[in-house]
Amino acid sequence: MDVTTIIDPLNDAQREAVTAPQEPVLVIAGAGSGKTRVLVHRIAWLVEVDGVSPHGIMAVTFTNKAAAEMRGRVEQLLDMPVGNLWVGTFHGLAHRLLRRHAEDAGLPKGFQIIDSQDQQRMLRRLIKSLGLDDTTWAPREMQWFINKQKDEGLRPDHIDTRNDHTRAMQVRIYRSYQEDCDRLGLVDFAELLLRAHELWLKRPEILAHYQRRFRHVLVDEFQDTNSVQYAWLRVLTGDQGILFAVGDDDQSIYRWRGAKVENMFQLKKDFPGIRQIKLEQNYRSTSTILNAANAIINNNSERLGKKLWTEGNEGEPIRLYNAYNERDEAEFIIARIQDWVNQGNLRAEAAILYRSNAQSRVFEEYLFKQQIPYRVYGGLRFFERAEIKDALAYLRLIENRADDTSFERVVNLPTRGIGARTVDVIREYARANSISLWESAFGDAGGQLNARAASATSKFLSLVEELAHATESLPLHEQVDHVIERSGLIPHFKKDHSEQGETRAENLEELVSAAQTFEPDEQDDLPPLAAFLSHAALEAGEGQADKWEDCVQLMTLHSAKGLEFPLVFMAGMEEGLFPHKRSIDDPGGLEEERRLCYVGTTRAMSLLYLSHADQRRMHGTDIFAQASRFLAEIPEEYIEEVRPKIRVRRPVYRRSNAFQETPADGIRLGQHVKHGKFGEGVVLNYEGSGSHARVQVNFEAAGTKWLVMFYANLELM
DNA sequence: TACTATTTAATTTTT
DNA sequence: TTAAATAGTA
């Protein structure tokens, strides 16, 4: 093969990275600077020029999509399949290791992966069974706590609970939860990583084996690694391993789920003399957009320091639109998309980006009204659909009778007379004797079930046994087909003649074809059903179908990372929404919001629209907001403000409504007021008028309260 | 046991 | 506003 095909398409910095000698390298790759290309070409270079076998290379990514793309591009460039190259997500690779060394990792051979939904369900049940109040010990928060500990590599014993009752209880829940998981052979996402890391530490000979094999470890999106992931990589590379890390500290937007940008700094300490290469030439955006993005990110303090530049032209100024409210904003944006399409462009080239999912609603409404096809990213994934999870629950029970989550899910689905009462008894007995629900049900919960419940329960148990038996020797897709029919799921959904029932039945059929087309990874050496179930847990599948239709793209700023569009709208640029109010008070949180803004801005190739609304309906009430501070961080020279057109159908009544909504003369947002009992405060919001008017006041001492104007007797200050 | 009414809380998300 | 979880009723 001709080496020039590997290095010719590269610029100097890219080439330096790709052809670097075999030593640790950190590539700081700005947005749109060709980082995937560098990774792909680096692998090709190692194989073609340095004569490294693909067998000795591991490439780690965060998403399945990125992993698939990387493998595809490497194979295309090398013009040969590289089946023995390990490319995968952290979770996928950890899973593979744990399957291969289940016993050494202290896991049962048939362990199964639970997703975060299952994890939350388990915690909900656990908290109840411990007799704890689920408001104080909210399952969601416990889940967050446990995952955070695991992300930090902490087991219950590692956590100091002295003088902290709350912490002690959290750890107690963590401990019980983990005991349940271990007993039932269930592994959550964070556990995959932690176990894999512990495997290295516990079994040096296994570690040594992989250290010898994977001399080259390449990591994508390095700024998103959490503590365990970093530790895992650090241990794997040891003294001899050659790490090639690619990341961008300015695009670190997952701090809230454990990502540590600091890992990029840590690299320099752990690998003294690491070769650092910056990719600063951007191939995506106009200079106007790029300069604006640079100006925004410059307001952050903790950076590795990098300045993107482009040879591209100046392009159009960034357009700023101050909307009256969120509907006006949506109308404006959709009108611009219409213009864009009328000029002969594709709808798919236009993306509407927003901070939070709830914002998509208005856009959807207007797009639907205008009959413009659109696609919302980040909806329910295929394998997350309720009916799919129902079917998977049956399949999981076939694999592992101890899977309590699955047991609970389908024990009475379709309804077969096993009600909450009966399940309570079974659950109680299981807990008291530390056995699975299946075992508990098998012994009629120690004989506590009445005749009717016992007979219904035993019918369920034999149903699962029958399914297991009947499908034993069938090929995977027939196995699935059999299960969805005979479990009664398909008849159950078909019985419901509503549109929803039909879709659900269709989705189940779709599961059969998913099983049919499923190709297990040859490296993963698992029985077909087990492989399929792992696949379903680790790869939730695409959101919506019809990928090929030309439609407008709607997504959160987070899910836009890594993508690019000729025309980008960033909507809802308002204080409190973006930056979000939950991040605004924490400097670190605010910097992360700013990075998010940087990410959004750098998605745009040629045209960028920013918009904010004076008034926005949130959670049912109208709130007022100021323009985002990020707007003020863009130099004026790059911005052109779009004046609203004078429209014939100006919604005058809305204006007057808003006017009437002022609850009393002199009450404005931000107005300082004094209350007889609560003292001094600031008006945050108000609603209604006349004697019904209510104001929300943030009191210095008493906190935020809603008060009825009529009674409150507020004194203006 | 199954269905309906009420309450509650609401960033960001991949695995 | 609205989705989801829980409480209450037939």
Side-chain angles (χ1 to χ4, degrees), chain A residues 60-67 88-95 113-121 124 128 134-135 138-141 144 147 150-151 187-194 196 221 224-226 228-229 252-259 326 353-362 365 377-381 383-384 386 412-424 452-453 456 534-541 543 555-562 572 576-584 586 589 592-593 595-597 599-600 616-623:
Chain A
V60 198
T61 64
F62 275 85
T63 66
N64 292 300
K65 198 172 143 203
T89 62
F90 277 101
H91 293 86
L93 297 175
H95 171 248
I113 302 168
I114 53 171
D115 66 15
S116 46
Q117 246 180 62
D118 298 335
Q119 187 184 33
Q120 202 181 109
R121 276 167 199 264
R124 184 173 307 270
K128 241 180 222 163
D134 65 357
T135 328
R140 268 188 61 151
E141 280 162 33
W144 185 80
N147 290 338
K150 291 188 177 185
D151 285 348
V187 176
D188 60 51
F189 290 136
E191 186 72 17
L192 284 171
L193 303 175
L194 182 50
E221 305 278 19
D224 286 339
T225 52
N226 65 27
V228 182
Q229 288 162 338
S252 156
I253 54 174
Y254 288 112
R255 195 180 76 123
W256 53 274
R257 66 175 197 212
E326 80 283 351
L353 311 183
Y354 38 79
R355 178 65 238 265
S356 66
N357 285 308
Q359 287 171 259
S360 75
R361 195 165 229 106
V362 212
E365 196 186 301
Y377 278 69
L380 250 201
R381 318 293 247 357
F383 286 112
E384 285 168 358
N412 198 32
L413 187 93
T415 47
R416 47 174 76 84
I418 305 175
R421 200 64 253 291
T422 309
V423 179
D424 278 346
R452 209 174 63 171
S534 302
H535 166 81
L538 285 173
E539 198 163 345
M555 68 193 82
T556 63
L557 288 153
H558 282 90
S559 35
K561 194 174 82 161
L577 184 57
F578 188 35
H580 196 276
K581 58 176 177 298
R582 311 257 295 230
S583 313
I584 236 162
D586 164 34
E592 177 144 313
E593 296 280 319
R595 291 192 291 267
L596 192 55
C597 186
V599 167
R616 180 176 295 275
R617 202 168 185 83
M618 283 183 94
H619 316 316
T621 42
D622 284 328
I623 59 157

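Just so it is clear: chains get the letters A, B, ... in the order the sequence lines come, proteins before strands, and each one is counted from 1.
Rounded to an integer number of Å, the gap from OH of A:Tyr254 to C1' of B:dT12 is 7 Å. In this structure, A:Trp144 places its CH2 atom 14 Å from C1' of B:dT12, rounding to the nearest Å. For the pair A:Phe90 CZ and B:dT13 C1', the interatomic distance rounds to 16 Å; values are reported in whole Å. Atom P of nucleotide C:dT2 and atom CD of A:Glu365 are separated by 9 Å, given to the nearest angstrom. Atom-to-atom, CZ of A:Arg616 to P of C:dT1 comes out at 16 Å; the value is rounded to the nearest Å. Rounded to an integer number of Å, the gap from CD of A:Gln120 to P of B:dT13 is 16 Å. Atom CD of A:Gln229 is separated from atom C1' of B:dT13 by 13 Å (rounded to the nearest Å). Counting to the nearest Å, the C1' atom of B:dT12 and the CD atom of A:Gln359 are 11 Å from each other.
Contact check for A:Leu93 versus A:Val60: side-chain heavy atoms found under the 4.5 Å cut-off. With contacts defined as side-chain heavy-atom distances shorter than 4.5 Å, the pair A:Met618/A:Leu577 qualifies. The shortest distance between side-chain heavy atoms of A:Gln119 and A:Phe189 does not fall below 4.5 Å. No side-chain heavy atom of A:Leu538 sits under 4.5 Å from any side-chain heavy atom of A:Thr89.
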Dump the pairs, protein N or O against N or O of nucleotides 9-11 of chain B, anything under 3.5 Å, distances to one decimal.
{"unit_1": "B:dT11", "atom_1": "OP1", "unit_2": "A:Arg582", "atom_2": "NH1", "d": "3.4"}
{"unit_1": "B:dT11", "atom_1": "O4'", "unit_2": "A:His580", "atom_2": "NE2", "d": "3.2"}
{"unit_1": "B:dT11", "atom_1": "O2", "unit_2": "A:Arg355", "atom_2": "NH1", "d": "2.8"}
{"unit_1": "B:dT11", "atom_1": "O2", "unit_2": "A:Arg355", "atom_2": "NH2", "d": "2.3"}

Short N/O separations, protein against nucleotides 1-7 of chain B, under 3.5 angstrom:
{"unit_1": "B:dT1", "atom_1": "OP1", "unit_2": "A:Gly419", "atom_2": "N", "d": "3.1"}
{"unit_1": "B:dT1", "atom_1": "OP1", "unit_2": "A:Ala420", "atom_2": "N", "d": "3.2"}
{"unit_1": "B:dT1", "atom_1": "OP2", "unit_2": "A:Gly419", "atom_2": "N", "d": "3.3"}

Find every protein N or O atom lying less than 3.5 Å from an N or O atom of nucleotides 7-10 of chain C, and list the pairs.
none

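Taking the side chain of A:Arg124 as heavy atoms from C-beta on, and the options B:dT14, C:dT1, C:dT6, the nearest nucleotide is C:dT6. When distances are taken from the side chain of A:Arg257 to each of B:dT15, C:dT6, B:dT13, the shortest belongs to B:dT13.
Mapped onto DNA chain B by nearest heavy atom, A:Ile253 and A:Phe189 fall at different nucleotides, with A:Ile253 at the one closer to the 5' end. Map A:Glu539 and A:Leu596 each onto its nearest nucleotide of DNA chain B; the residue landing nearer the 5' end is A:Leu596.
Between A:Tyr254 and A:His558, the two ring planes are tilted [angle within 30° to 60°].
Using a cutoff of 4.0 Å between basic side-chain nitrogens and carboxylate oxygens, A:Arg381 and A:Asp115 are not scored as salt-bridged.
Applying the salt bridge (Lys or Arg N to Asp or Glu O under 4.0 Å) rule to A:Arg121 yields no partners; only residues at least two apart in sequence or on another chain are considered. Under the ring pair (Phe, Tyr, Trp, His ring centres under 6.0 Å) criterion, A:Tyr354 pairs with no residue, sequence neighbours left out. By the side chain to side chain donor-acceptor pair (under 3.5 Å) test, A:Ser534 pairs with A:His95, A:Arg99, sequence neighbours left out. The salt bridge (Lys or Arg N to Asp or Glu O under 4.0 Å) search around A:Arg617 returns A:Asp622, not counting sequence neighbours. Take A:Asp151 and apply the salt bridge (Lys or Arg N to Asp or Glu O under 4.0 Å) test, not counting sequence neighbours, and it matches no residue. By the ring pair (Phe, Tyr, Trp, His ring centres under 6.0 Å) test, A:Phe62 is found to be paired with A:Phe90, residues two or more places apart in sequence or in another chain being considered. With sequence neighbours excluded, the residues forming a salt bridge (Lys or Arg N to Asp or Glu O under 4.0 Å) with A:Glu365 are A:Arg327, listed by chain and number. Residues forming a ring pair (Phe, Tyr, Trp, His ring centres under 6.0 Å) with A:Trp144 (at least two apart in sequence, or on another chain): none.
Note on A:Asp115: nothing from the nucleic acid sits closer than 4.0 angstrom, heavy atoms only.
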Self-check item: Under the 3.5 Å Watson-Crick or G-U criterion, the dot-bracket string of DNA chain B, with | for inter-strand pairs
Solution: ||||||||||.....
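Rounded to the nearest Å, the gap between the C1' atom of B:dT11 and that of C:dT6 is 25 Å.
A close approach under 4.0 Å does occur between a side-chain nitrogen or oxygen of A:Arg361 and OP1 or OP2 of C:dA3.
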Self-check item: Verdict with reasoning, A:Gln359 to A:Arg616, per side chain to side chain contact (heavy atoms under 4.5 Å, CB included)
Solution: CA-CA 10 Å; A:Gln359 287 171 259; A:Arg616 180 176 295 275; 4.1 Å; yes
